[in-house]
Asker: 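Next up is a structure, given as structure tokens.
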Amino acid sequence: MKRILSGNEAVARGAWEAGCSVASGYPGTPSTEIMETFARYPNAYAEWATNEKVGLDVSIGAAYAGKRAISTMKHVGLNVAADALFYVAMTGVEAGLVIVSADDPSMHSSQNEQDNRQFAKFSRIPCLDPADSQEARDFTIAAFDLSEQFDTPVLLRMTTRVCHTSSPVEVTEQQQQIPEKGKYPRNPAKYVMIPANARRRHPVIEERVSELSRFAENFPYNRIEYRSKDLGIITGGVAYQYAREVFPNASILKLGMVYPLPVEMIRTFSESVEKVIVLEELDPFIEDQVRLMGIELYKPAKPINSDYAHTKSIFPIPGELNSAIVRHAAYLAGLINVDIKQEQINLNVPLPARPPTLCPGCPHRSSFYVLSKLKVPVNGDIGCYTLGVAPPLSTIDTCGCMGAGIGVAHGAAVAGDQERHVAVIGDSTFFHTGISALINVAYNRSNVITIIMDNRVTGMTGHQENPGTGFTLQNQATIELDIEKLVLACGIEKVLTVEAFQVDVIEKTLKQWMKEDGPAVLITREECALLPSARKRYLPLQVTDQCNGCTVCFRIGCPAILKSEELDPKYHRPLAIIDQELCTGCEICAQVCPRDAILFRDQVIALTKSEVG
Amino acid sequence: MDIKQLKNKYPEGINFLLTGVGGQGTILASNVLADLGMALGFDVKKAEIHGMSQRGGNVISYIRWGEHVYSPIITKGEADIILAFEKLEALRSIEQISPDGMILINDYAIVPVTVSSGLSVYPDDENIQESLQKFTSNTYWVKGQDIAEEIGYPKASNVVLLGALTALLAIDPKEVLKVIAARISQKYISFNEQAFDSGYKTIQKRPD
Ligand SMILES: Cc1ncc(C[n+]2csc(CCOP(=O)(O)OP(=O)(O)O)c2C)c(N)n1
Ligand code: SF4
Ligand code: SF4
Ligand code: SF4
């Protein structure tokens, strides 16, 4: 039966059909829905791990114990999980283990662009690279089989376009029955990577790559489509789609397994066509390997990238491809005669940007408002609160990767920076990699003030549960980690938990702590405004005629506060109004208004009562 | 028009671009179009970028119907039909339209923070219309938001536009309603039917 599935749903489907019974991962766009979908299947255990390394260790543990297992993450997640990746590449597994890395070419929602096919080569494991949802499902099943056949973890490399594109998929309703393994393996020579054992394993995995490369020659998902012999294109992943679109008559070698490569197949293909090119997104991963095979690729008359550092010959390295980019590059390389249309009609109207901003009623807003007043350097982290960087709050000075903020602030402190550093971090990010950085602050006694913005959810990636929320991915009630106690246990003596909407308490506390020495942690606690329980409390506020357009409330950057057409008679400044559809009634604006011109919730309720009565 | 006529009119298939602001139901509308394409016997691809979860950002999705659809992405000049749920977003997407493409616009503005904070100005209607004209004369303005509010279900402006689109493509409205019904909860079906009908009629009533 065919159903329309996104690439992510198709991976979950494939995993379920393959009899995978354990999934552990950490949310991250564009991978998140794989876990969210898998979690709803019967006979399947799925969990959000605290971070990707833990998630991969868990899946490795399940695969050692004889259960097919999967671990999912976004591309940068594999950086975090790399330590685990490298040992499991050495040990191999008892039952199939699939590691899903969802890369994000063009960085639609990421801090950097990286091509994780490199990780497969780096760690000597096979890499499958699907081009659509059908392949996402099929390759997932194939990956489990490969994993067991070759005693290796398999990297299933997805990209944003494949993850988030839906197309028809042929599925079966049957789940493979995986035979129960007997006892837990007691095989230290294979599973205990002390140097003596590891040294014996390394040649084994090198031999495994060679075998895989021979196997790749007949792997059904590596296939040649012969059409015109003028041009042959070696391609893999989503780039295949652009190859078909831009070069409908070209012959294509479509690689389902992009590492290791089928040398003979590539050689035969290259010899049977006039010119051969490689079309792939991001790094020249296939291209470099094909060149190393001594195969002569088509050279554009005017070389596009000719310096030693850039070996990708025709198509751009940065950014995701599309048919227009491919067409234009092919035109420049002399492969096709017609370029894309370049003439442009001028819009002549400036288009106001619609950047993502902290939502109306976002509990992060108060801390940023206070920090912007204090003008201290703020070392940020990754999550919704990174948006504190946007004007008018403009308060974040650095943001690199998850868990970095606290360490970066500590670095400035021990380097003797004159200013007091504040690190801001979300609850999920704190559990992910923030804790160890905070222990480092406590242990090495720096002056860093950390704000843990506890909005009771993993917000940025679409509201996932985490160790602080009281529920698991499969909606089981569980512990609610007590952040304050945890911070105390880390050795930080100065800790305070406040309600995030209390602007004055946050301001007073931070000002006081700035005068004192030693590390401190402020926990600002309040539900994310988009959570169902928070939505129930929405109550839009109102501006009274006391407003004189002083602009203070405009500086908190709430999308619900608008400048009205009406001007203050004395100063001729626009008065404030509040959008009744957007306002949640968080009262941050009411607290900062110097003229008490915004009614608090109680006042609004009293007013409506008197109007009704 | 039956499917044959539709295929004759669009021999290469149809590329739809849907654009709106978070919370306007862009995703639901694109799911409906993808399902509909399948039901009509096309190969289908639907691509979305799920950005960040905050409210208020721009949401775009591409749906392609065809004999065989390869690329999930619609590039400049390739969108046969644009459904814009917000006026500014209509303008932002217009460069994507194909030479004789069609655009349906929800006559509704959602002011972005960059405007409310005084950094930029929201283009006025005349400006928007003039600019759209440069790209196509096939523009259809639908009072989607007003209609949805009249019905008492302000969230249904997306379905009003789907109704209008169905009339424009002369697709059997029953077929589309079936697909919509399968995508929404039972509770809201009657609201959505009303929204769909009103949208359908706004086009039917138009003088040619
Ligand atoms: C290593 C890594 N894994 C995952 C992500 C994706 N990601 C970005 S922000 C975020 C979580 C943010 O949650 P939290 O810290 O609670 O802040 P909130 O968004 O709720 O404010 C995640 C998982 C990432 N950028 N890097
Ligand atoms: S989703 Fe929640 S945490 Fe993120 S910006 Fe909106 S209110 Fe704030
Ligand atoms: S802070 Fe108060 S007085 Fe100033 S513009 Fe806002 S509502 Fe008006
Ligand atoms: S109460 Fe004020 S700050 Fe809070 S959402 Fe409403 S307008 Fe924005």
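Note that this is a predicted model, so its numbers are computed, not measured. In what follows, chains carry the letters A, B, and so on, assigned in the order in which the sequence lines appear, proteins first and then strands, with residues in each chain numbered from 1. Heavy-atom basis, side chains included; hydrogens, waters and symmetry copies ignored.
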Asker: Taking CD in A:Gln111 as the centre, count heavy atoms belonging to other residues, nucleotides or ligands within less than 6.0 Å. Is the count above 12?
Answerer: yes
Asker: For A:Glu581, I'd like to know if atom CD has over 12 heavy atoms of other residues, nucleotides or ligands within 6.0 Å.
Answerer: no
Asker: Under 4.5 Å heavy-atom distance to chain B, tell me which part of A:Leu321 shows up: side chain, backbone, both or neither.
Answerer: backbone
Asker: Quick one: of B:Val69, B:Val111, B:Val113, B:Asn31, who has the most non-hydrogen atom pairs under 4.5 Å with chain A?
Answerer: B:Val113
Asker: Can you tell me which portion of A:Tyr242 sits under 4.5 Å from chain B's heavy atoms? Options are side chain, backbone, both or neither.
Answerer: side chain
Asker: Considering only heavy atoms and a distance below 4.5 Å, find which of A:Ser167, A:Ser323, A:Ser166 pairs most often with chain B.
Answerer: A:Ser166
Asker: Inspect the surroundings of CD in B:Gln186 and state if more than 12 heavy atoms from other residues, nucleotides or ligands are less than 6.0 Å away.
Answerer: no
Asker: For atom CD of B:Glu126, decide whether the heavy atoms of other residues, nucleotides or ligands shown that lie under 6.0 angstrom number more than 12.
Answerer: no
Asker: Please classify the contact between B:Val115 and chain A as side chain, backbone, both or neither, with a heavy-atom cut-off of under 4.5 Å.
Answerer: side chain
Asker: Select one option (side chain, backbone, both, neither) describing which atoms of B:Asp43 are under 4.5 Å from chain A's heavy atoms.
Answerer: side chain
Asker: Dump the intermediate steps for side-chain contact (heavy atoms from CB on, under 4.5 Å) on A:Arg327 and B:Thr75, then the final yes or no.
Answerer: CA-CA 11 Å; A:Arg327 209 179 292 278; B:Thr75 60; over 6 Å; no
Asker: How close do B:Ala47 and A:Arg161 get, heavy atom to heavy atom, and via which atoms?
Answerer: CB-NH1, 3.8 Å
Asker: In terms of heavy-atom proximity below 4.5 Å to chain B, should A:Thr160 be classed as side chain, backbone, both, or neither?
Answerer: side chain
Asker: Ignoring hydrogens, what is the shortest heavy-atom contact between B:Val44 and A:Pro168? Give both atom names and the distance.
Answerer: O-CD, 3.3 Å
Asker: Below 4.5 Å, heavy-atom pairs only: which of A:Thr357, A:Leu358, A:Val238, A:Val162 has the largest tally toward chain B?
Answerer: A:Thr357
Asker: Would you find more than 12 non-hydrogen atoms of other residues, nucleotides or ligands less than 6.0 Å from B:Glu95 atom CD?
Answerer: yes
Asker: Do any of residues 557-565 of chain A come closer than 4.5 Å to chain B, heavy atom to heavy atom, and if so which ones, in number order?
Answerer: A:Pro559, A:Ile561, A:Leu562, A:Lys563
Asker: Could you name the residues of residues 77-87 of chain B that have a heavy atom within less than 4.5 Å of a heavy atom in chain A?
Answerer: B:Glu78, B:Glu86
Asker: Do any N or O atoms from the side chain of B:Thr114 and from the backbone of A:Pro352 form a donor-acceptor pair under 3.5 angstrom?
Answerer: no
Asker: Looking at B:Pro72, B:Gly37, B:Ser120, B:Gly57, which makes the most heavy-atom pairs under 4.5 Å with chain A?
Answerer: B:Pro72
Asker: Can any side-chain N or O of A:Arg354 pair as donor or acceptor with the backbone N or O of B:Ile110 at less than 3.5 Å?
Answerer: yes
Asker: Nearest heavy-atom pair of B:Tyr70 and A:Glu245: which atoms, and what distance?
Answerer: CB-OE1, 3.4 Å
Asker: Looking at B:Lys45 and A:Thr165, what are the two nearest heavy atoms and their distance?
Answerer: CD-CG2, 3.9 Å
Asker: Let me know if A:Asp579 has heavy atoms under 4.5 Å from chain B in its side chain, its backbone, both or neither.
Answerer: neither
Asker: Check each atom of A:Pro360 against the heavy atoms of chain B and say whether the ones under 4.5 Å are side chain, backbone, both or neither.
Answerer: both
Asker: Does CD belonging to A:Glu566 count more than 12 external heavy atoms closer than 6.0 Å?
Answerer: no
Asker: Counting only heavy atoms not in B:Lys178, do more than 12 fall under 6.0 Å of its NZ?
Answerer: no
Asker: Heavy-atom distance under 4.5 Å to chain A: side chain of B:Val21, backbone, both or neither?
Answerer: side chain
Asker: Using 0.5 Å steps for rounding, measure from the CD1 atom of B:Ile94 to the CG atom of A:Leu351.
Answerer: 11.0 Å
Asker: Decide if atom OH of B:Tyr153 counts as having more than 12 heavy atoms of other residues, nucleotides or ligands within a radius under 6.0 Å.
Answerer: yes
Asker: Below 4.5 Å from any heavy atom of chain A, which atoms of B:Ile128 appear? Answer side chain, backbone, both or neither.
Answerer: neither
